[in-house]
Engineer: 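My questions will all concern the structure given below.
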Amino acid sequence: MARIDIVDLCKRFGNIEVISNVNLSFEEGEFIVLVGPSGCGKSTLLRMIAGLESITKGDIIMNDQRVNDLPPRDRNIAMVFQSYALYPHMNVERNMGFSMEIKRTPPDTRRQHVDKAAAILGLGSLMERLPKALSGGQRQRVAMGRAIVRDPSAFLFDEPLSNLDAALRVEMRLEIARLHQRLGSTMVYVTHDQVEALTLADRIVVLDHGVVQQVGTPMELYESPANRFVARFIGSPTMNLIEVAMEDQQLTMKSTHSAIPLPALVGAESATQLGIRPEHLEPMPAGKGHVQGEVEVVERLGSDSFVYVQVPGAGRLLSRCNGNTRLQAGEAVGLSLDPAHLHLFDEKGQALR
Amino acid sequence: MRTVLTIGRNLAVLGYVLFALFPLYWLLKIAVTPDRLIYTEGTALWPTTFTFDNFRTVIFYSDFMVFFSNSVIVSLCSAALATLIAAAAGYSFSRFRFRGKSIIVVLMLVTQMFPLLMIITPIYKIVATLGLLNTLTSLIVVYTAFNIPFATFLMQSFFDGIPKDLDEAAMMDGCTRLQALRKVILPLTLPGLAATLGFVFTAAWSELLFALMLINSNDSMTFPVGLLTFVSKFSVDWGQMMAAGVLALLPSCLFFVFIQRYLVQGLTAGAVKG
Ligand SMILES: Nc1ncnc2c1ncn2[C@@H]1O[C@H](COP(=O)(O)OP(=O)(O)O)[C@@H](O)[C@H]1O
Ligand SMILES: [Mg+2]
């Protein structure tokens, strides 16, 4: 198991800075998820930890040893690639045992390790197959098996599920969570899917444009996002944002100057935007609640309904409410904002509370 | 409509195959025609009697076997050397960024632009100065050098077809870069290596210009030059020449039979998704 410290890490490709001054510490046995939109530098950061990408500036420290100049093979880290990267000319057994083959482990021992990993992943009957004769999910398992056989001090995953269909993705997500419980190894997992991040992570690192936006447990990020980017990125459907201003000690909608009758909020003076998650926006009979609008669309998902409400001055707001709501499109409706779950953002998008 | 298209396509293919194979057929036909019938039955599709005399004469009573083994040596060595160098160069072009890469690429393209006739004199001069005239070595060096650019691009495209993830996975699994190349990448490049070998081999096998200029002793003649010895001042020994030609086709055919199983595609299937 490994503790990984990342200190002032920078990466430049030519003149473009892809990773800017990243500082992170991953504890032993922690499941860390790096999440962010496509192109934000997640893979680059992961590959630097793996040793596949050179470091422009800063240090990576594993268990108190600086590993900047160690080649990948000396870092005792396993990586599962998005493309799986199975060796096409080797059968499943040899794919999984390849690392031990390189280390010249005796075939008996190798066999034992491979069988053990295969049993964990339910690959026992596929050992003789070539990768091309496997389904996507099976390839994914072999790629994980190859990592498990190594018994590495840390696992790195680069969007391992993004090539699978939705059902399989849920299944493999569970598998990875079980794997972590079973092995207890440090795992660093890259994804652009915030659902994967929320469900798998002990702690989430949110990246944008190579800059760490926030680090925290899933609930911390969900309940108190540090800025507008995190607020919008974490949580689905995304948080509603309303342009606001402070007029006469009263929070008002910026475009219509109509008041939002909320109790006094800390830091509201410099707020320019108010954020509220769909589940904290409750439909009320018309005339009641904090803002008034008209139902545009109701999406019924069974367990929940998504009610899109057009509010003059605030645009379209989304409320997530009971699956059996009676609301209909075109109806006038009030919306009540839960004061305990409001987020205020200043001009720069920083959260005010 | 579809059947019409299919028939049309098959006819076109048939036409092409006939057109391509007819000279070979004619080669074989003349080779087995007895000398006395060559002119009398000149245009018949098959002679009334046929004979292997021409083959016997060529193999046992001419220098043909010398030419033949010279050609085998030169072609095999050139093919092996050029492929080895092209594989190394192609790999580095495909996998690394380094200073001067684009300059090298342009230089290699430039070498392919000139007709060989233009540079044959300087080449002769160089080879003569090195004292390599009339040696097989000179041909091996020249053929290797002139085939490297194209062979390199060929190899590069094969390496480009293999995902970099595989190198990296192997390096994560404990390989050095060279081990990754040897154990993972090269086995996947076998079709590419075979194609490149075949390409250089055939190019060297049928090369005439340099062979003619750099060699003039019978001992070191390669086959295409040797064929010309069947042309004497007063006559051309058609039957023997064609018999020699038929024999000369054999190694190329054998070579392709040998490598064709590596030429099949799909060796990399299953490396990545899909
Ligand atoms: N080898 C490279 N050369 C130049 N730019 C690169 C290279 N690799 C990645 N980049 C750039 O770095 C940025 C981050 O890439 P990446 O880490 O792959 O993003 P992510 O995995 O978050 O989608 C992208 O803008 C990408 O274009
Ligand atoms: Mg990526």
Side-chain angles (χ1 to χ4, degrees), chain A residues 13-14 43 47 49-53 71-92 94-105 129-140 142-143 146-147 149-150 152 155-156 158-160 162-164, chain B residues 87 91-92 94-103 155 157-196 259-274:
Chain A
F13 287 115
S43 298
R47 290 163 54 79
I49 300 174
L52 295 171
E53 205 77 72
R73 66 176 181 282
D74 294 332
R75 296 192 186 194
N76 194 24
I77 288 180
M79 179 152 167
V80 177
F81 292 78
Q82 177 171 4
S83 65
Y84 316 142
L86 302 181
Y87 311 124
H89 55 306
M90 302 182 192
N91 65 15
V92 168
R94 208 168 149 225
N95 256 289
M96 287 174 53
F98 185 67
S99 56
M100 305 190 98
E101 187 181 321
I102 294 296
K103 272 199 256 164
R104 298 182 194 283
T105 314
R129 296 230 195 136
L130 287 178
K132 67 179 167 207
L134 299 176
S135 70
Q138 289 167 337
R139 286 179 198 173
Q140 172 68 69
V142 175
R146 192 167 65 180
V149 168
R150 299 263 319 274
F155 285 84
L156 308 180
D158 191 353
E159 311 217 14
S162 55
N163 287 335
L164 301 177
Chain B
Y91 179 75
S92 69
S94 165
R95 290 303 194 259
F96 303 124
R97 294 153 53 114
F98 50 90
R99 205 171 305 160
K101 179 169 164 179
S102 47
I103 296 175
M155 282 311 299
S157 73
F158 279 101
F159 282 118
D160 283 345
I162 298 173
K164 276 185 194 169
D165 279 3
L166 288 183
D167 306 53
E168 294 179 344
M171 294 202 294
M172 294 299 298
D173 264 349
C175 291
T176 59
R177 186 167 269 286
L178 272 181
Q179 276 176 318
L181 174 61
R182 208 179 66 224
K183 296 196 176 257
V184 175
I185 306 305
L186 273 187
L188 298 173
T189 330
L190 284 182
L193 290 173
T196 312
I259 64 172
Q260 69 91 23
R261 72 193 181 98
Y262 296 107
L263 288 174
V264 291
Q265 289 299 304
L267 216 55
T268 56
V272 296
K273 66 166 169 147

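Labels below follow one simple rule: chain letters A, B, ... track the order of the sequence lines, proteins then strands, and each chain is numbered from 1. It should be emphasised that the depicted structure is a prediction, and the values quoted were computed from it without experimental measurement.
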Engineer: Tell me which of these, B/Met172, B/Lys183, B/Arg177, has more heavy-atom pairs under 4.5 Å with chain A than the rest.
Structural biologist: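 If we count pairs closer than 4.5 Å to chain A, B/Met172 comes out on top.
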Engineer: Write down the atom of A/Asn163, the atom of A/Ser83, and the distance for their closest heavy-atom approach.
Structural biologist: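 Heavy atoms of A/Asn163 and A/Ser83 come nearest at ND2-CA, 4.2 Å.
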Engineer: Using side-chain contact (heavy atoms from CB on, under 4.5 Å), reason through A/Tyr87 and B/Leu166 one step at a time and then give a plain yes or no.
Structural biologist: CA-CA 7 Å; A/Tyr87 311 124; B/Leu166 288 183; 4.2 Å; yes
Engineer: Of the backbone (N, CA, C, O) and the side chain (C-beta and beyond), which part of B/Lys164 lies under 4.5 Å from a heavy atom of chain A, both, or neither?
Structural biologist: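 Contact with chain A involves no heavy atom of B/Lys164 at all.
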Engineer: Hey, mind stepping through A/Leu156 and A/Ile49 against side-chain contact (heavy atoms from CB on, under 4.5 Å) and telling me if it holds?
Structural biologist: CA-CA 9 Å; A/Leu156 308 180; A/Ile49 300 174; 4.2 Å; yes
Engineer: For A/Met100, is it the side chain, the backbone, both, or neither that has a heavy atom closer than 4.5 Å to a heavy atom of chain B?
Structural biologist: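 The answer is neither part of A/Met100.
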Engineer: Kindly indicate, with the supporting measurements, whether the criterion side-chain contact (heavy atoms from CB on, under 4.5 Å) is fulfilled by B/Ile162 and B/Arg95.
Structural biologist: CA-CA 10 Å; B/Ile162 298 173; B/Arg95 290 303 194 259; 3.9 Å; yes
Engineer: Heavy-atom cut-off 4.5 Å, strictly under: side chain, backbone, both or neither for B/Gln179 against chain A?
Structural biologist: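 Side chain only.
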Engineer: Report which part of A/Ala50 has an atom under 4.5 Å of a heavy atom belonging to chain B: side chain, backbone, both, or neither.
Structural biologist: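 Both parts, backbone and side chain.
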Engineer: Can you say whether A/Arg75 sits under 4.5 Å from chain B via the side chain, the backbone, both, or neither, judging by heavy atoms?
Structural biologist: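 Looking at A/Arg75, nothing touches chain B.
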Engineer: Taking all non-hydrogen atoms of both residues, which atom of A/His89 and which atom of B/Leu188 are closest, and how far apart?
Structural biologist: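 The pair with the smallest heavy-atom distance is ND1-CD2, 3.6 Å.
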